[in-house]
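First the proteins, then the strands, lettered A, B, ... as listed; each starts at 1. The model shown is predicted, which means the values in this text are computed figures rather than measured ones.
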Amino acid sequence: MSDHETDVCVVGAGPAGALVADRLAKRGHDVLVLDAGPRFDGPDEDRLERMEAFVRSGDWRGVWEMGGERDAYTSEGRDYPLNHARVKGVGGSSLHWHGMVMRLHESDFERHSRDGVGVDWPIGYEDLRPYYAAAERELGVAGAADDPYAAPREEPYPMAAFPPSYSDSLFAPACERLGVDMHSASNARNSEAYDDAPTCVGYGTCKPVCPSRAKYTAERHVAAAEDEGATVVANAPVQRLDTDERGERLVRAVYADDGPEGGGGERTVEADQFVLAAGGVETPRLLLLSADEANPDGLANASGAVGRYFMDHLYAGTGGVLDEPTRQKHVGFNTSECHQFYDDPTAGATGTAASVPASDADCGPLKLEFVNYAGPAPTDVALDGEQWGDDLLAEVRESYGRFVEVGALVGQLPRAENRIALDPDRTDDHGNPVPRVVWNIDDRTRRTLARANQIQEHILAEMGAEVRWQVGPENTGPAFHHMGTTRMGTDPATSVVDAELRAHDHPNLSVVSSSVFPTSGAMNPTLTIAALALRAADTLHDALSR
Amino acid sequence: MRLTRRDALVALGATGLAGAGVGAGVLAFDDGSPADGDDETGADALLRSLAAAAEVLYPSGVEGVEEFVETYSLGRVRGRETYREGLRRAVSDLDAAARAWYGAPYADLDRDTRESVLRELGADTADADPEGRRGERIRYYVVEELLYAFYASPTGGRLAGIENPVGYPGGVESYRRGPEAARTGSERGDDSGDGGESP
Ligand SMILES: Cc1cc2nc3c(=O)[nH]c(=O)nc-3n(C[C@H](O)[C@H](O)[C@H](O)COP(=O)(O)OP(=O)(O)OC[C@H]3O[C@@H](n4cnc5c(N)ncnc54)[C@H](O)[C@@H]3O)c2cc1C
């Protein structure tokens, strides 16, 4: 006897799992969603208090209660701050996320054909294009079709873009002189009331918490799925997935009941279809933890690719000061980007009075972000220091107010040695080996980071800023986008899921996550995750209707 | 520059406690306190000590500190039992140190001595912790609380160059304005002062 029987069991209630659950519940299927973390919607839930706790402490991880034995991990190679990079709970990492949403470019699906590096995706931009449009409607994207470098699109964004900031207006003349095109940034944040969610009022703390709920979180689709009859169980970390006697079909998910009355006891869910949507780290980990006699290296892992090819986006940034106020920190999101160097990272640019030189290095895609929140906020300085009174005010004035920063995201190449493995020496609160993040960056990625820095330096120099800091090849850090660890492909010998996101080895297991990305591109991944989720929901609906 | 009642409401708005009105907060505080007339823990003495600490923490030209601290602190304690107890304990520890080391209530000391007391308690270097050691609690309930209130208010923010501080709604209105907006007076209607209720 199983504790639950259902048509579809979804593991993970972040954007990926919530969208699949919502779509399938709407079409009349029985859906059960399990999430490892809590619901952040109890009677005492107060997003303003959560925000204040963050503003006062600067503690990112604590805001959504990450850390401790449940979330233990180890890191090898470049340090990876995993628990800053994800949230466990209903809504998943979208509780914390920034809400930048961009479509990949056509070139991203053809990295091998075009650049001779990485692999091609088994699907192309055209396959995802209608789902991108649907994903923009689901997430509620504010944007404008003013980006001349973007992939082709058929319809306007659901909401108007947020207009450029004052800070953007300081960059604009310099970029014009250099021939660097600025355009709007698209945001999963309401520039006007959208469905039942309110308009952004600008608390300035999008990341890690939006108290007005104008920023999209997957809580919206969880609620919609529940309205359609789906069941969502929180505090239910899946411990393993069991297969039939031949090791092929999945028959049940076994989870620990970590709810208030559960005492960690084991519970089971039987389902026709299983959807793994536990993020790019826990998804491969669960497959590896589910090894059985027929699948000794873990489920879906005949290729040996589960956990491998781990990728993140890397941040490059150059910041400095102007001798005038720059009006940072009024909002917590960006309003302008530049995708001119995405498909052509090494091309030069020439404007009305100056230029960015071309480069002969071999580089991958990069995108530039004009930051609206450079440097510290007055409260950061005030609460951090040992000075008081007039001395403190002087310090605050010196630290806040004149900063500018141009950021960039850069993709990294898929390499088998970068991986999520099971750590044999450390276990979590349920006695399971914790994830070991083995991570380094390759030379092409370093070159691309250096190229991003070079373009940034030209922009700052042209606007007369004095450079104060730089994040580049040596001190770069991850953008918290976990990709590649259950890559999609046509060949079962080299990939984990097929183009429909079904595991090659198990007919009733789908994986919906950025873990299926064969290459990373350089765009924030969640819009693509959402598009893939909506596409997978169509496939699953067909399978369930047969 | 002068701190106003609205500044306090705005700073409170940032914390989500302003919505239901601060008048009620005053009553709740007075009603909820044991009316034992004990100077060290009575509401008046507590507010005087806090205001005295604020004068050390805030820039020297700022006026209206007492009223600001009163409005803010009373709003803060409203309906928050644990917080109120924590605040009371931290302030009475501060006062006790003043009496023990300098022979007078904290609020009666001159400004330099008040600053010394805070530093001697380690409240300048401690990590803020509401349940920690004395210096850590004073850092949390007195130093950071009051600095947060000030720099998250329009007057404090404006001194720093941002009339719409982080943690306060309104950034979508102000982010496109130029620097003159931080120098001029209020751009917001007064009725928005107690904003910050989550929709
Ligand atoms: C600080 C930060 C900023 C970000 N900014 C952006 C951005 O601007 N744009 C963008 O596109 N992306 C951004 N991201 C990434 C974005 O949050 C993720 O891409 C997105 O949330 C992934 O969705 P998901 O549903 O696949 O996984 P997640 O949102 O991570 O959700 C996975 C869920 O699975 C659950 N789970 C894990 N293991 C188990 C298990 N064994 N059993 C049951 N449940 C389990 C977890 O509890 C979690 O709730 C950001 C991330 C962070 C941390």
Side-chain angles (χ1 to χ4, degrees), chain A residues 46-52 54-57 162-169 191 193 197-205 211-214 324-333 335 372-373 377-383 385-394 396-397 399-402, chain B residues 13-19 53 55-62 111 115 118-119 123-125 127-128 139-140 143-152 156-183 195-199:
Chain A
D46 182 344
R47 293 282 153 101
L48 283 159
E49 280 202 39
R50 227 175 255 290
M51 173 192 75
E52 188 213 322
F54 164 71
V55 174
R56 286 186 56 163
S57 66
F162 288 92
S165 63
Y166 178 78
S167 174
D168 292 335
S169 77
S191 61
T199 312
C200 170
V201 289
Y203 278 96
T205 60
S212 73
R213 299 182 195 252
E324 58 180 306
T326 61
R327 307 277 293 163
Q328 304 299 300
K329 303 267 177 182
H330 287 259
V331 290
F333 58 91
T335 39
N372 280 335
Y373 37 81
T379 42
D380 297 336
V381 184
L383 269 56
E386 295 171 20
Q387 300 300 321
W388 296 329
D390 293 335
D391 293 343
L392 172 59
L393 179 62
V396 167
R397 281 183 171 154
S399 310
Y400 169 79
R402 297 182 301 128
Chain B
T15 71
L17 297 166
E55 279 167 16
V56 172
L57 301 168
Y58 296 174
S60 54
V62 175
R111 186 170 158 144
E115 174 159 354
L118 283 173
R119 292 197 189 276
D124 49 355
T125 52
D127 282 337
R139 173 92 193 176
Y140 181 88
V143 175
E144 295 203 354
E145 184 70 56
L146 291 169
L147 287 175
Y148 181 77
F150 182 75
Y151 284 102
R158 199 169 266 125
L159 275 178
I162 180 167
E163 73 282 13
N164 194 94
V166 172
Y168 179 66
V172 276
E173 300 295 323
S174 62
Y175 82 100
R176 302 180 61 201
R177 296 186 197 132
E180 62 289 348
R183 290 194 285 267
E197 282 286 86
S198 180

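If you take CZ on B/Phe150 and CG on B/Leu57, they are separated by 10.5 Å, rounding to the nearest 0.5 Å. The structure places CD1 of B/Ile162 at 4.0 Å from NE2 of A/His330, a figure rounded to the nearest 0.5 Å. If you take OG1 on A/Thr379 and NZ on A/Lys329, they are separated by 8.0 Å, rounding to the nearest 0.5 Å.
The pair B/Arg158-B/Glu163 does not meet the salt-bridge criterion, since no charged nitrogen lies less than 4.0 angstrom from a carboxylate oxygen.
Interface remark: B/Glu55 contributes no atoms to any contact with chain A (heavy atom separation under 4.5 Å). For B/Val62, no part lies near chain A; criterion is any non-hydrogen pair under 4.5 Å. With a threshold of 4.5 angstrom between heavy atoms, B/Ala160 approaches chain A through its backbone and through its side chain. Looking at B/Tyr140, the atoms closer than 4.5 Å to chain A (heavy atoms on both sides) sit in the backbone and in the side chain alike. A/Thr335 touches chain B through its side chain: at least one heavy atom from C-beta onward sits under 4.5 Å away, while N, CA, C and O do not. Interface remark: A/Tyr373 contributes no atoms to any contact with chain B (heavy atom separation under 4.5 Å).
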Discussion item. Does B/Val166 form a side chain to side chain contact (heavy atoms under 4.5 Å, CB included) with A/Asp380? I'd like the steps, not just the answer.
Written reply: CA-CA 10 Å; B/Val166 172; A/Asp380 297 336; over 6 Å; no
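Counting heavy-atom neighbours within 6.0 Å of B/Asp127 CG, excluding the residue itself, gives a total of 12 or less.
In terms of heavy-atom pairs under 4.5 angstrom with chain B, the leader among A/Arg327, A/Glu386, A/Gln328 is A/Arg327. In terms of heavy-atom pairs under 4.5 Å with chain B, the best-connected choice from A/Ala197, A/Ser399, A/Gly385, A/Ser191 is A/Gly385. Heavy-atom pairs under 4.5 Å with chain B were tallied for A/Gly401, A/Ala377, A/Pro164, A/Ala394; the largest tally goes to A/Pro164. Taking A/Gly204, A/Pro378, A/Ala214, A/Ser167 one by one and counting their heavy-atom pairs under 4.5 Å with chain B, the maximum is reached by A/Pro378.
Judged by distance alone, with hydrogens and angles left aside, the side-chain atoms of B/Tyr151 form no donor-acceptor pair with the main-chain N or O of B/Pro165 at under 3.5 Å.
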